[in-house]
Peer 1: 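One structure, pasted below without further comment.
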Amino acid sequence: MAKEMDKIVALCKRRGFIFQSSEIYGGLNGFWDYGPLGVELKRNVKEAWWKDMITRHDELSTPKGAPSSFSMTGLDCSIIMHPQVWKCSGHDDLFHDFMVDCKECKSRFRVDHVTVAVRRTTTDKTPVACETFIVDAETGTGLSKTQSKRLDQAVGQYKKERGDDVECEQVTMSLDSYLKEAPLGGPAARCPSCRGELTPPREFNLMFKTTVGALAGEEGTAFLRPETAQGIFVNFKNVVDSSRVKVPFGIAQVGKSFRNEITPRNYTFRSREFEQMEMEFFCHPDESRKWYEYWRDRRYQWYVKYGLASDRLQLRDHDPDELSHYSVGTADVEYAYPFLSEGEFGELEGIAHRGDFDLRSHMEGKLVRDEEGCLVVQQDEHGQPKYRGSGKDLRYFDDQSRERFVPHVIEPAAGADRATLAFICEAYHEDEQPDEKGEMQSRVYMKFHPQLAPIKVAVFPLIKKDGMPETAAGLYRDLKQAGIACTFDQQAAIGRRYRRQDEIGTPWCVTIDGQTAEDNSVTLRDRDTLEQTRIPLNDVVAEITSRLNA
RNA sequence: GCGGGCGUAGCUCAGUGGUAGAGCGUUAGCUUCCCAAGCUAAAUGUCGAGGGUUCGAUCCCCUUCGCCCGCUCCA
């Protein structure tokens with residue numbers, strides 16, 4: 001499997017699908033460029049998505065499986081937005097962590113994930129001893145017996161030194177709070193797994209920071225968007241007010257997002273700069289469950305339609321404890337990429353039921369879930385909203401029912417690069433075909449769906465004489481005029497030219513031969529079956545067009 | 001981020017303390033009436049980058065960047 005991935009990566013480089021960014025300077029981890037063929041492939045992927053979402057959407061009919069008819073519209077938002085957007089969306093907290101590293105065993109921990117049991121004096125709260133541990137979410141386990149014993153011993157030692165009149169109590173707190181409370185002097189918190197020395201907390205920000213305005217300073221600090229979705233939410237009111245859409249409706253966006261991943265790996269799968277195809281679907285809360293299921297199934301089918309095989313593609317509903325902070329239901333469309341271990345799948349797209357979390361967050365301020373599971377505005381230590389919302393009314397007024405409500409949101413969020421990579425991996429095929437002497441030769445071909453293939457047709461004169469090149473060039477121009485991506489090749493033997501096209505996934509080759517001059521017919525050769533059919537030269541454009549739309 | 005391995009032509013790789021080769025591919029010509037054909041010719045590398053040791057480094061040492069595997073982290 002991993003070997004197959006190496007072949008795919010080599011082919012992508014050799015044929016101009018994907019290059020490493022800034023390769024001549026040694027490359028830059030987590031960034032990738034699309035070559036001449038790659039850009040066509042990725043454009044076709046995005047175009048297929050956009051057509052499915054917007055261009056071909058019929059808002060007068062009810063699509064199969066949908067609760068009702070609905071509207072769809074597009075949007076293209078800026079990459080840099082007001083910093084408050086990320087505070088209210090939750091990204092600022094979620095993507096911004098302080099981490100400590102163990103100098104001994106090199107483990108890394110989020111400061112707020114490490115719990116500290118502290119023994120301190122009851123009188124002046126001086127910390128005497130502490131032990132760290134990670135609370136297991138499933139078992140809820142805390143301090144071990146050994147650790148308790150160590151605490152007892154440390155307190156005993158302390159009492160011996162100070163005399164017996166000190167009373168100690170035990171409290172637990174996060175490492176975060178402990179470091180703030182006992183910055184100096186107190187016993188050092190040690191590594192939860194090996195008791196090694198910990199580094200001071202260091203800032204990790206998964207969002208790319210930049211400065212707005214020429215003057216550097218905290219004032220102008222802004223972030224490159226880590227997802228395209230927030231641009232849609234903050235424009236919700238603009239779209240409703242300007243486009244006459246009625247709930248239910250969706251807003252789609254394709255664009256770049258940026259995440260400063262700690263470990264970009266697996267080719268283009270986890271990149272620091274990537275392109276998303278996101279759609280936010282706004283509906284009445286009572287209907288949201290049905291819409292969630294509709295979009296989940298429809299998005300899965302989209303990948304099937306464009307050629308991902310069902311045994312390497314799966315739709316997986318998240319377990320309740322796996323759900324994001326905002327979600328009441330999420331499913332992933334996953335693909336068994338060849339770089340993953342047997343049985344493992346990687347995420348292509350997440351379809352999330354986000355409820356009213358996003359719109360309300362941008363109205364009221366950043367929300368969190370309280371003990372009863374209700375969304376409430378997160379408060380700071382003074383009882384004020386931690387991050388203030390816009391204060392704008394983002395509710396929707398339904399003229400028919402005379403009802404005013406915050407729509408619920410279904411979000412299918414797909415990775416354009418991940419989809420492109422999955423289509424590349426799925427397309428890669430090797431087989432054995434006889435050469436002109438009848439000996440079996442290995443053949444590599446990319447079995448792209450014709451709508452995704454970078455080039456749809458290659459036109460060849462069988463040999464470079466008898467007017468064949470001229471006839472072929474004429475057909476090439478006709479195809480170009482019709483807007484069909486095609487190429488012309490008269491170099492080398494015909495077999496080699498076919499193989500070249502196979503390797504870049506061109507579904508059809510048209511060859512002008514001796515018979516063309518006699519009866520105006522050409523051969524149309526199929527990439528996958530290698531079968532050739534004779535069709536009239538004048539029908540080629542129409543034939544290709546109809547096959548492309550099939 | 002840590003540990004291990006690796007980095008030589010477009011690709012796959014060989015090789016040596018005295019500034020480099022093979023196969024495939026690419027390009028040009030001839031030949032060629034259908035699946036990587038034949039013949040002829042040609043191009044291509046600052047041996048990942050920077051520094052050090054040396055009379056001399058692609059080779060030895062250090063740093064750095066990148067890739068792969070594992071751990072960690074993460075949607």
Peer 1: Rounding to an integer number of angstrom, what distance separates rG3(B) and rC59(B) when you compare their C1' atoms?
Peer 2: 26 Å
Peer 1: Would you kindly give the CD-to-C1' distance between Glu23(A) and rC67(B), to the nearest whole Å?
Peer 2: 11 Å
Peer 1: Using the P atom as the point on both nucleotides, what is the distance between rG15(B) and rG48(B), in whole Å?
Peer 2: 15 Å
Peer 1: Using whole Å, what does the distance between atom P of nucleotide rA75(B) and atom CG of Asn266(A) come to?
Peer 2: 16 Å
Peer 1: If you check the Glu347(A) side chain, which of rA37(B), rA75(B), rU32(B) turns out closest?
Peer 2: rA75(B)
Peer 1: Please report, rounded to the nearest Å, how far the P atom of rA75(B) is from the CZ atom of Phe345(A).
Peer 2: 21 Å
Peer 1: So which nucleotide does rG66(B) pair with, by the Watson-Crick or G-U wobble rule with both distances under 3.5 Å?
Peer 2: rC6(B)
Peer 1: Could you work out which one of rC34(B), rC67(B), rU32(B) sits closest to the side chain of Lys465(A)?
Peer 2: rU32(B)
Peer 1: Taking the nucleotide of RNA chain B with the nearest heavy atom to each, does Lys464(A) or Arg525(A) sit closer to the 5' end?
Peer 2: Lys464(A)
Peer 1: Taking only the side-chain heavy atoms of Tyr498(A) (C-beta and beyond), determine which of rC33(B), rC34(B), rG66(B) contains the nearest atom.
Peer 2: rC34(B)
Peer 1: Under a 3.5 Å limit for both distances, which nucleotide forms a Watson-Crick or G-U wobble pair with rG45(B), could you say?
Peer 2: none
Peer 1: Base, sugar-phosphate or nothing for Asp513(A)? Non-hydrogen atoms, less than 4.0 Å.
Peer 2: base
Peer 1: So if I take every side-chain heavy atom of Leu28(A) and compare against rA36(B), rG66(B), rC11(B), which nucleotide ends up nearest?
Peer 2: rG66(B)
Peer 1: According to the Watson-Crick and G-U wobble definitions, with both distances under 3.5 Å, which nucleotide is paired to rU53(B)?
Peer 2: none
Peer 1: Determine whether the side chains of Tyr445(A) and Asp528(A) contain a donor N or O and an acceptor N or O closer than 3.5 Å.
Peer 2: no
Peer 1: What interatomic distance, in whole Å, is found between P of rU16(B) and the corresponding atom of rC11(B)?
Peer 2: 23 Å
Peer 1: Regarding Gln20(A), tell me which of base, sugar-phosphate or nothing describes its non-hydrogen contacts under 4.0 Å with the strands shown.
Peer 2: sugar-phosphate
Peer 1: Considering only side-chain heavy atoms of Val444(A), which listed nucleotide, rA36(B), rC11(B), rC69(B), is closest?
Peer 2: rA36(B)
Peer 1: Any side-chain heavy-atom pair from Val116(A) and Glu131(A) closer than 4.5 angstrom?
Peer 2: no
Peer 1: Taking atom C1' of rG10(B) as reference, at what distance in whole Å does atom CZ of Arg500(A) sit?
Peer 2: 14 Å
Peer 1: How close or far is atom P of rC67(B) from atom CD1 of Ile8(A), stated in whole angstroms?
Peer 2: 18 Å
Peer 1: What nucleotide among rA75(B), rC33(B), rC34(B) has an atom nearest to a side-chain atom of Arg316(A)?
Peer 2: rA75(B)
Peer 1: Toward the 5' end of RNA chain B, which comes first, Arg270(A) or Arg15(A), by nearest nucleotide?
Peer 2: Arg15(A)
Peer 1: Under 3.5 Å, is there a donor-acceptor pair between the Tyr294(A) and Arg298(A) side chains?
Peer 2: yes
Peer 1: Roughly how far apart, to the nearest Å, are rG21(B) and rA9(B) at atom P?
Peer 2: 14 Å
Peer 1: When the C1' atoms of rU72(B) and rC2(B) are compared, how many Å lie between them, rounded to an integer?
Peer 2: 8 Å
Peer 1: Choosing from rC35(B), rC67(B), rC11(B), which nucleotide comes nearest the side chain of Leu530(A)?
Peer 2: rC35(B)
Peer 1: Looking at Phe357(A), does the NZ or CZ of Arg354(A) lie under 6.0 angstrom from its six-membered ring centre and within 45 degrees of the ring axis?
Peer 2: no
Peer 1: Side chain of Ala10(A): nearest nucleotide among rG66(B), rU12(B), rA36(B)?
Peer 2: rU12(B)
Peer 1: Using atom types as modelled and distance alone, determine if a side-chain donor or acceptor of Thr506(A) lies under 3.5 Å from a backbone N or O of Asp502(A).
Peer 2: no
Peer 1: I'd like to know if Arg499(A) reaches the base of rA36(B) with its side chain such that a donor and an acceptor end up less than 3.5 angstrom apart.
Peer 2: yes
Peer 1: Taking CD from Gln491(A) and P from rG25(B), how many angstroms apart are they, rounded to a whole number?
Peer 2: 14 Å
Peer 1: For rC11(B), which nucleotide is its Watson-Crick or G-U wobble mate, given both distances must be under 3.5 Å?
Peer 2: rG23(B)
Peer 1: Pick the P atom in rG7(B) and in rA14(B), then give their distance to the nearest Å.
Peer 2: 8 Å
Peer 1: It should be established whether Asn29(A) places a side-chain nitrogen or oxygen under 4.0 Å from OP1 or OP2 of nucleotide rC65(B).
Peer 2: no
Peer 1: Using the P atom on both, measure rG10(B) against rA49(B) and round to a whole Å.
Peer 2: 13 Å
Peer 1: I want to check a possible cation-pi pair here: Arg299(A) against Trp295(A), using under 6.0 Å from ring centre and within 45° of the ring axis as the test.
Peer 2: no
Peer 1: Paired with rC59(B): which nucleotide, if any, by Watson-Crick or G-U wobble criteria at under 3.5 Å for both distances?
Peer 2: none
Peer 1: Among rC34(B), rA36(B), rA75(B), which is the nearest nucleotide to the side chain of Arg496(A)?
Peer 2: rA36(B)
Peer 1: Can you tell me the pairing partner of rC39(B) across any strand shown, Watson-Crick or G-U wobble, with both distances under 3.5 angstrom?
Peer 2: rG29(B)
Peer 1: Centroid-to-centroid, Phe258(A) to Phe274(A), below 6.0 Å?
Peer 2: no
Peer 1: How long is the line joining NZ of Lys7(A) and P of rC13(B), in whole Å?
Peer 2: 12 Å
Peer 1: Expressed in whole Å, how much space separates the C1' atoms belonging to rG66(B) and rG50(B)?
Peer 2: 15 Å
Peer 1: Assign Asp466(A) to base, sugar-phosphate, or nothing according to its heavy-atom contacts below 4.0 angstrom with the strands shown.
Peer 2: base
Peer 1: For Phe281(A) and Trp291(A), I'd like to know if the aromatic rings sit close, meaning centre-to-centre distance below 6.0 Å.
Peer 2: yes
Peer 1: Within this structure, what is the CZ-to-P distance between Arg14(A) and rC13(B), rounded to whole angstrom?
Peer 2: 12 Å
Peer 1: Once you apply a heavy-atom cut-off of 4.0 Å, does Gly350(A) come out as touching a base, just sugar-phosphate, or nothing?
Peer 2: nothing
